[in-house]
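Below is one structure; the comments refer to it alone.
Start at 1 and go down the list; that is how both ligands and their atoms are numbered. Note: hydrogens, waters and symmetry copies are ignored here, and every other heavy atom, side chains too, is used.
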Amino acid sequence: MPAVRVGLLGGTFDPPHLGHLLAATEVREALGLDAVRLVVVNDPWQKSAERRVTPAGTRLRLCAAATAADPLLVVDDVEVRLGGVTWTARTLDHLHREHPEVEFVVVLGADAASRVPTWRDGGACLRRVPVAVVDRPGAGETDLPGLLGHATRVPVTQVDVSSTEVRRRAAEGRSIAYLVPDAVRSIVERERLYRRRS
Ligand code: ATP
Ligand code: MG
């Protein structure tokens, strides 16, 4: 067994919320991982066509604020450093080169897992790495795509929060307290993120 095993939870994190943090923590505990890295997607091409995604630098700051108090949750800016649209095969190659001593475990929510076949390489890169899939409210009973046949399903506390819901509440001027860490709420309020332009 490699000395160090680290989970990778990739996402837009626009913004990060308690569902992300609790799932990451429970997967770490269940699999005995040394840490989980939140890999902030630079340009989520499947989303950026539909809505204005918050600049990557702001999303990195939000993730740093969300994880500041927890040394076992780490923000990873590799995709932002590499630039361009997300391409998980490239990200994994890069991380394996940067950290040859680490075994990375890719963590996916059930909704993300079912979309893997729509990735650029059809998710082929995931065949070579351990994968953990967590259920998520609203995702339903998802059958995993064939190429995730080797994935481990990890039960986690079901937290019905999405970034979409947080953005909607902020846009309506409603409170996002208790859905996101206080440090994230402070930034969202101070910088008036997600507010409708008047
Ligand atoms: P959006 O609503 O904008 O799509 P999101 O809440 O789905 O945002 P993402 O950044 O898209 O957040 O998700 C990153 C990863 O975290 C995905 O694998 C997703 O399935 C997982 N995830 C998000 N929210 C939860 C949750 N509440 N419970 C478990 N996993 C989650
Ligand atoms: Mg999502």
Original post:
Quick one: nearest non-hydrogen protein atom to atom 22 (N) of ligand 1, plus distance?
Top reply: Arg136 NH1, 3.7 Å
Subject >> Residue portion contacting ligand 1 (non-hydrogen atoms closer than 4.0 Å) for Asp14 >> reply: neither
Original post:
Just going by heavy-atom distances, which of Arg167, Arg59, His17 is nearest to atom 3 (O) of ligand 1?
Top reply: Arg167
Subject >> Partners passing salt bridge (Lys or Arg N to Asp or Glu O under 4.0 Å) against Asp93 (at least two apart in sequence or in another chain) >> reply: none
Original post:
Numbering the atoms of ligand 1 from 1, which are under 4.0 Å from a heavy atom of Leu9?
Top reply: 15 (C), 16 (O)
Subject >> Rounded distance [0.5 Å steps], CG in Leu21 versus CZ in Phe13 >> reply: 8.5 Å
Original post:
Is Pro137 close to ligand 1, meaning an N/O of one under 3.5 Å from an N/O of the other?
Top reply: no
Original post:
Rounded to the nearest 0.5 Å, how far apart are CH2 of Trp45 and OG1 of Thr86?
Top reply: 9.5 Å
Original post:
Near Thr164, which atoms of ligand 1 are under 4.0 Å from a heavy atom of that residue?
Top reply: 1 (P), 2 (O), 3 (O)
**OP:** Check each of Gly19, Ser114, Ala24, Ser163 against atom 8 (O) of ligand 1 and report the one with the nearest heavy atom.
**Re:** Ser163
Original post:
Does any N or O atom in Val159 lie less than 3.5 angstrom from one in ligand 1, N or O only?
Top reply: yes
Original post:
Of all heavy-atom pairs between Val40 and Glu79, which one has the smallest distance, and what is that distance?
Top reply: O-CB, 3.5 Å
Original post:
Which part of Glu165 is near ligand 1, with near meaning a heavy atom under 4.0 Å away: side chain, backbone, both or neither?
Top reply: neither
**OP:** Report the member of Ser162, Gly138, Gly109 with the shortest heavy-atom distance to atom 18 (O) of ligand 1.
**Re:** Gly109
**OP:** Could you find the nearest protein heavy atom to atom 16 (O) of ligand 1 and give me its residue, atom name and distance?
**Re:** His20 CD2, 3.4 Å
Subject >> Any N or O of Gly10 closer than 3.5 Å to N or O of ligand 1 >> reply: no
**OP:** Please check if the side chain of His150 supplies one atom and the backbone of Leu126 the other of a donor-acceptor pair under 3.5 Å.
**Re:** yes
Original post:
Would a 4.5 Å heavy-atom cut-off, applied to side chains only, mark Pro130 and Val106 as touching?
Top reply: no
Subject >> Candidate pair Arg167 and Thr164, rule side chain to side chain donor-acceptor pair (under 3.5 Å), full reasoning >> reply: CA-CA 5 Å; Arg167 292 193 303 273; Thr164 302; 3.2 Å; yes
Original post:
Under 3.5 Å between some N or O of ligand 1 and some N or O of Lys47?
Top reply: yes
Subject >> Partner set under side-chain hydrogen bond (donor to acceptor under 3.5 Å, both in side chains) for Ser163, not counting sequence neighbours >> reply: none
Original post:
Is there a donor-acceptor pair under 3.5 Å between the side chain of Arg5 and the backbone N or O of Leu31?
Top reply: yes
Original post:
Given Ala23, Cys63, Gly11, which has its nearest heavy atom closest to atom 29 (C) of ligand 1?
Top reply: Ala23
**OP:** Check each heavy atom of Asp111 against ligand 1 and say whether those closer than 4.0 Å belong to the side chain, the backbone, both or neither.
**Re:** side chain
Original post:
Counting only N and O atoms by type, is there a donor-acceptor contact under 3.5 Å from the side chain of Arg59 to the main-chain atoms of Thr12?
Top reply: yes
**OP:** For ligand 1, note which part of Gln158 has a heavy atom under 4.0 Å away: side chain, backbone, both or neither.
**Re:** neither
